Amino acid sequence: MEIPKTYDPKAAEARHYARWEAQGYFAPEINRDPAAPVYSIVIPPPNVTGSLHMGHALQHTFMDVLTRYHRMRGYRTLWLPGQDHAGISTQIQVEKQLRKEGLTRHDLGREQFIARVWQWKEEYGGQIIKQMRREGASVDWSRERFTMDEHLSRAVREFFVRCYEEGLIYHGEGLISWCPKDQTALSDLEVEKEAQAGKLYYLQYPVQGSDRRVTVATTRPETMLGDTAVAVNPDDERYRDLLGATLELPLVGRAIPVVADEFVDPAFGTGAVKVTPAHDQNDYEMGLRHKLPQVRVIDQHARMTEDAGADFAGLERYEAREKVVEKFAELGLLEKVVDYEFSITKCARCRTVIEPLLSTQWFLKQAELGRAPLELISTQHEPRFVPEVPYEKVYTNWLENLHDWTLSRQLWWGHRIPAWYDEQGRVFVARTEAEAKQQAGTDKLTQDPDVLDTWFSSALWPISTLGWPDETEDLRTFYPTSVLITARDIIFLWVSRMMMTGLKFTEQKAFADVFITGTIFDKHGQRMSKSKANGIDPIDVFDKFGVDATRLVLAQVESTDTRWNDNLVESYRNFANKIWNAARFCLMNAEGATVGQGFAGAPASWALHDRWIMSRLHKTVRTVSAAIENYRFHEAVQTLYHFFWDDFCDWYIELSKSDVTAGDDSPARSAARSRVLTVLEQALRLLHPFMPFITEELWQRLPGVGASQLHPAYAHAEPTIMLAAYPQADAALIDEQAEAEVQALIELISRVRNIRSEMNIKPGETVPVLIGAPDESLRAVFAAGGAQIARLVRASEVSVQSSVNGPRAAARAVLAGGAEVAVPLEGLIDFAQERARLGKEQEKLRQEAAKLEGQLANKNFVERAPAEKVAELRQRLADIAQRMGALTQTLEALAE
RNA sequence: AGGCACGUAGCUCAGGGGUAGAGCACUACCUUGACACGGUAGGGGUCCGCGGUUCAAAUCCGCGCGUGCCUACCA
């Protein structure tokens with residue numbers, strides 16, 4: 001059997017994915033059990049423009065672990081892949097390409113431009129989706145979707161039309177966030193606030209018919225040109241007499257009223273607020289309340305309009321700001337300017353400062369759609385958020401405060417709004433142009449030029465990908481989906497909206513659970529970003545350490561924000577190598593062995609270490625399954641790591657070694673070899689959801705694996721660990737006594753090794769080991785394990801008696817249960833030093849005993865603490881007393 | 001401004017009312033027929049601070065300090 005000493009991840013990674021895909025293992029149809037339960041996940045569709053980053057790799061790892069786990073459990077499992085057309089980013093990307101050719105989209109015209117985008121998508125798009133194969137993602141490629149697919153576009157139109165018919169979608173004027181660079185409206189979720197060191201300008205407005213002036217404070221003086229009122233709080237004594245007064249707006253000369261509005265905070269600034277209904281969200285609302293005129297002084301390019309006055313028209317907004325301030329200063333109306341930090345709103349895409357503008361757009365009344373999800377979360381706690389704190393609250397708070405959603409975008413790439421206008425400007429909303437014509441009774445219609453917000457189609461993703469609005473078999477089978485896995489930043493943008501559409505159109509929630517992942521930062525705790533160039537490319541990590549190792553690191557991130565650290569990947573790379581070499585050992589000693597055999601007869605008849613490893617294995621199965629099902633990936637990974645490395649490699653293989661490597665072929669040797677292989681094979685299955693490649697690579701080499709390992713639902717398939725049955729915990733194999741007994745063996749061995757180390761005994765040198773165990777059953781354990789002990793501590797002989805009767809010149813240690821071990825070391829023992837060593841140990845025990853005695857002497861403790869806790873402490877104290885007894889005897893024997 | 005989370009070994013992080021944990025790093029010894037990406041044995045912690053609840057607090061509660069995130073009608 002030729003197996004290299006070091007695991008080479010690339011070879012295994014290259015080998016298996018293509019086969020899995022070709023064999024159809026990823027598709028739910030592989031499951032032939034008609035009664036199989038269903039497990040489904042739809043991928044959060046990555047942007048077609050993106051390339052794989054750590055956040056994707058993180059999410060994909062969780063989705064793949066869950067998918068593979070449930071598939072192995074016999075679920076009819078679907079993980080549906082796909083991507084998002086990413087309206088603005090894609091359009092910007094292609095426009096950039098055009099610019100290099102000296103063209104703009106307008107040179108091409110709409111139709112040609114869109115054709116160009118599709119071409120771009122084919123050539124450069126979808127990097128992330130392509131890279132997912134490298135991750136080992138077991139997605140069903142036969143069901144791959146794109147938000148601009150014809151079918152999904154139909155779903156979008158259906159959604160739009162239905163909402164329009166119900167009055168949830170309307171066309172009208174509102175104050176929207178406008179990006180002057182991208183030349184489009186944006187929703188409030190596509191803008192970002194950023195702290196900004198700026199200035200607060202105090203401007204004075206003269207009161208008509210008096211010498212008085214009212215001072216207003218503003219961060220945007222240029223907007224004063226569009227002021228149509230000044231507002232004060234109705235309870236503000238300072239301004240009570242001015243209510244209803246008229247001010248003269250400087251520079252403009254417009255007469256504007258002083259109005260009273262609860263919105264105004266008397267404590268801020270001067271307590272008087274300038275009101276610019278056309279250029280500020282709050283002022284807009286105040287303007288509606290007081291029926292104020294809306295004067296537009298800034299245009300779509302963030303330049304001042306004619307209405308700003310001849311002095312300002314055409315100026316860029318910041319130029320206008322300077323000029324306004326200058327003029328106020330000249331007029332003696334600039335009271336003061338103070339430094340002031342405030343937040344500024346920017347386009348999330350291009351970082352241009354947003355201009356709030358009055359504009360006619362399409363809007364969706366989200367509040368009504370949000371009612372059903374709000375009801376569901378408040379009364380049923382559905383979907384179940386993991387972690388529940390704080391995300392359930394974040395989601396609920398959002399649903400309680402929904403604003404109208406600006407749907408239209410002044411772009412070309414995206415779903416065209418299904419609205420047509422006739423020559424009189426009347427609007428017809430319909431699923432098709434023909435339908436609109438029919439409604440209008442004329443052929444002379446023009447379609448609305450705008451497209452829908454990208455998130456409009458995303459909101460439908462779980463249902464549209466499965467076939468809605470048609471009642472397809474997939475929709476019936478896989479919807480509602482099992483879990484949504486995503487980062488926290490799109491809970492509003494996406495998670496809540498999928499719930500809205502799902503409940504509205506199917507009356508079923510879109511997913512049962514929502515698992516929110518942590519965020520991975522760079523090693524300095526900074527967010528990874530293109531602009532900072534501090535991103536770590538998952539592909540590089542795969543290349544360096546292997547996909548499986550990377551997946552383990554990602555899985556254990558769970559929901560915690562984590563700084564990326566290569567050291568951790570390296571340690572899991574080492575773990576992969578450990579698995580490789582453990583398997584290598586098993587395979588080098590596999591002659592005569594078969595997976596699944598070796599554990600014959602009643603467990604009670606098995607050797608101690610065999611009962612022990614099965615008990616450890618089944619506890620591991622129990623813990624890992626529960627952990628995965630509850631999204632405790634960190635616990636799952638840790639448990640598997642320690643089971644494999646500590647229990648299986650460090651102890652089980654070592655305790656089995658002499659049987660496994662016996663020189664002569666015998667039924668006993670074959671059985672021992674089969675047992676080691678069987679445990680290995682179970683461990684590989686447990687690890688497979690996390691480490692798909694190495695587990696498949698090794699599994700395929702094990703003697704005796706095949707159809708019998710497969711879950712019955714896949715009995716017909718070509719054997720693969722992917723479709724093997726995930727181990728089920730068997731309570732009957734959990735054996736606490738065996739665990740305690742092996743623990744005693746481990747302690748014994750460790751103490752002897754400790755003596756060897758402290759006494760500087762050369763590794764190659766053997767020593768006699770004398771064990772004294774007053775307890776009969778413990779004595780039996782040590783006696784039966786004599787050969788194993790001898791091997792693991794390099795003993796020339798192991799004697800087990802009820803007490804140690806060795807030479808005075810021996811290093812000694814006391815063990816649990818009053819047992820004692822001595823290593824005779826004629827000539828090597830410095831008696832004074834040995835007494836000191838044991839004295840130190842005695843002192844430690846004494847301190848521990850004192851602490852326990854103190855607690856047990858406390859009447860309150862004994863009376864109020866649970867009885868088992870008290871009993872446990874008494875037990876511990878008794879054990880210490882036993883050790884102390886043995887230690888005292890030993891010390892006496894050593895006395896001069 | 002509010003809300004939430006976090007603060008545990010040198011580092012990255014688990015855990016969590018009753019013995020303080022892992023990986024990496026560190027020290028010593030070891031190339032023993034699975035593995036030096038390894039083995040064995042070690043060292044290392046006022047669990048941010050101060051109060052409170054409790055028989056018992058690193059763990060629960062309050063306050064403070066520090067860090068991060070989110071929300072907001074910060075004119």
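Proteins get letters first, then strands, A, B, ... in listed order; numbering begins at 1 in each. Remember, it's a predicted structure, so these values are computed and weren't measured experimentally. Note that these values count all heavy atoms, side chains included, but never hydrogens, waters or copies made by symmetry.
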Nearest to the Pro763(A) side chain among C30(B), A75(B), A14(B), which nucleotide is it? C30(B)

Ionic contact status for Arg317(A) with Glu355(A), cut-off 4.0 Å: yes

Using Watson-Crick or G-U wobble geometry with both distances below 3.5 Å, tell me the partner of C37(B), or none. none

Could you tell me whether Lys346(A) and Glu192(A) have a side-chain N and a carboxylate O separated by less than 4.0 Å? no

Applying the Watson-Crick and G-U wobble criteria at under 3.5 Å, what pairs with C11(B)? Answer none if nothing qualifies. G23(B)

Work out how far the C1' atom of A9(B) is from that of C65(B), and round it to whole angstrom. 22 Å

C1' spacing across the pair G43(B) / A28(B), given as an integer number of angstrom: 10 Å

So, does Asn581(A) get its side chain near the phosphate of C37(B), meaning an N or O under 4.0 Å from OP1 or OP2? no

Counting the atoms with a prime plus P, OP1 and OP2 as sugar-phosphate, which does Asn589(A) contact under 4.0 Å by heavy atoms, base, sugar-phosphate, or nothing? nothing

Check whether the side chain of Glu758(A) and the base of A28(B) form a donor-acceptor pair under 3.5 Å. no

Atom NZ of Lys844(A) and atom C1' of U19(B) are separated, to the nearest Å, by 13 Å

Ser757(A) vs A28(B): side-chain N/O to OP1/OP2 distance below 4.0 Å: no

Examine A41(B): is either OP1 or OP2 under 4.0 Å from a nitrogen or oxygen in the side chain of Ser750(A)? Give yes or no. yes

Atom CD1 of Ile694(A) and atom P of C37(B) are separated, to the nearest Å, by 16 Å

Could you check how far CG of Leu640(A) sits from P of G23(B), rounded to whole Å? 15 Å

Complementary nucleotide of C69(B), counting Watson-Crick and G-U pairs under 3.5 Å: G3(B)

It should be established whether Lys869(A) places a side-chain nitrogen or oxygen under 4.0 Å from OP1 or OP2 of nucleotide G18(B). no

Phe585(A) six-ring centre to Lys657(A) NZ/CZ under 6.0 Å and within 45° of normal: yes

Rounded distance in Å between the C1' positions of U19(B) and U71(B): 44 Å

Under 4.0 Å between any heavy atoms, over every strand shown, what does Glu570(A) touch: base, sugar-phosphate, or nothing? Just pick one. nothing

Does Ser343(A) reach a base, just sugar-phosphate, or nothing at all? Heavy atoms under 4.0 Å. base

hbond_proxy Thr562(A) side chain to C13(B) base (donor-acceptor, 3.5 Å cutoff): no

How far does the P atom of U12(B) sit from the matching atom of G68(B), given to the nearest Å? 14 Å

Base, sugar-phosphate, or nothing for Cys649(A), non-hydrogen atoms under 4.0 angstrom? base

Over all strands shown, is Phe492(A) touching base, sugar-phosphate only, or nothing at heavy-atom distances under 4.0 angstrom? sugar-phosphate

Sugar-phosphate, base or nothing in reach of Thr6(A), heavy atoms under 4.0 Å: base

Tell me whether Lys336(A) forms a cation-pi arrangement with Tyr202(A), defined as NZ or CZ under 6.0 Å from the six-membered ring centre and within 45 degrees of its axis. yes

Taking atom P in both G44(B) and A5(B), compute the distance separating them and give it to the nearest angstrom. 35 Å

With a 4.0 Å cut-off on heavy atoms, is Tyr641(A) in touch with a base, just the backbone sugar-phosphate, or nothing at all? sugar-phosphate

Is any N or O donor-acceptor pair between the side chain of Lys578(A) and the base of C35(B) shorter than 3.5 Å? yes

Minimum heavy-atom separation for Ser343(A) and Lys193(A), please, with both atom names. OG-CD, 4.1 Å

Arg563(A) side-chain N/O to U12(B) phosphate OP1/OP2 under 4.0 Å: yes

What is the nucleic acid contact for Glu654(A), judged by heavy atoms within less than 4.0 Å: base, sugar-phosphate only, or nothing? base

Taking any heavy-atom pair under 4.0 Å as a contact, classify Thr560(A): base, sugar-phosphate, or nothing. sugar-phosphate

When you compare C63(B) with C4(B), how far apart are their P atoms, in angstrom units rounded to a whole number? 10 Å

Sidechain N-carboxylate O distance under 4.0 Å for Lys840(A), Glu843(A): no

Without decimals, in angstroms, what is the distance between Tyr572(A) OH and C24(B) C1'? 11 Å

Between Asn574(A) and G38(B), is there a side-chain N or O to OP1/OP2 distance below 4.0 Å? yes

From the options C69(B), A75(B), C4(B), select the nucleotide whose nearest atom is closest to the side chain of Val389(A). C4(B)

Is the ring pair Phe328(A)/Tyr205(A) parallel, tilted or perpendicular, if the boundaries are 30 and 60 degrees? tilted

Classify the nucleic acid contact of Arg573(A) as base, sugar-phosphate or nothing, counting any heavy atom under 4.0 Å across all strands shown. base

Categorize Val862(A) for me: base, sugar-phosphate, or nothing, with a 4.0 angstrom heavy-atom threshold over every strand shown. nothing

If you measure from the P atom in G21(B) to the same atom in U46(B), how many Å do you get, rounded? 15 Å

I want to check one thing: is the phosphate of G39(B), taken as OP1 and OP2, less than 4.0 Å away from some side-chain N or O of Trp645(A)? yes

How close do Thr766(A) and Ala795(A) get, counting heavy atoms only, and between which atoms? CB-C, 4.1 Å

Separation of Asn760(A) atom CG from A28(B) atom P, in whole Å? 13 Å

Whether Lys193(A) contacts C73(B) is assessed here as follows: a side-chain N or O lying under 4.0 Å from the phosphate OP1 or OP2. Is that the case? yes

When you measure only distances, ignoring hydrogens and angles, does the side chain of Arg584(A) come within 3.5 Å of the base of C35(B) through a donor and an acceptor? no

Students often get this wrong, so: under 4.0 angstrom with heavy atoms, is Pro866(A) touching a base, only sugar-phosphate, or nothing? base

Same-atom distance (C1') from G7(B) to G49(B), integer angstrom: 11 Å

What are the two closest heavy atoms between Arg701(A) and Trp580(A), and how far apart are they? NH2-CH2, 3.8 Å

Atom-to-atom span, CZ of Phe545(A) to P of G23(B) - whole angstrom: 18 Å

Could a donor-acceptor pair under 3.5 angstrom be found where the side chain of Lys657(A) meets the base of A34(B)? yes

Would you classify Gln855(A) as touching base, sugar-phosphate or nothing, given that sugar-phosphate means primed atoms plus P, OP1 and OP2, and contacts are heavy atoms under 4.0 Å? base

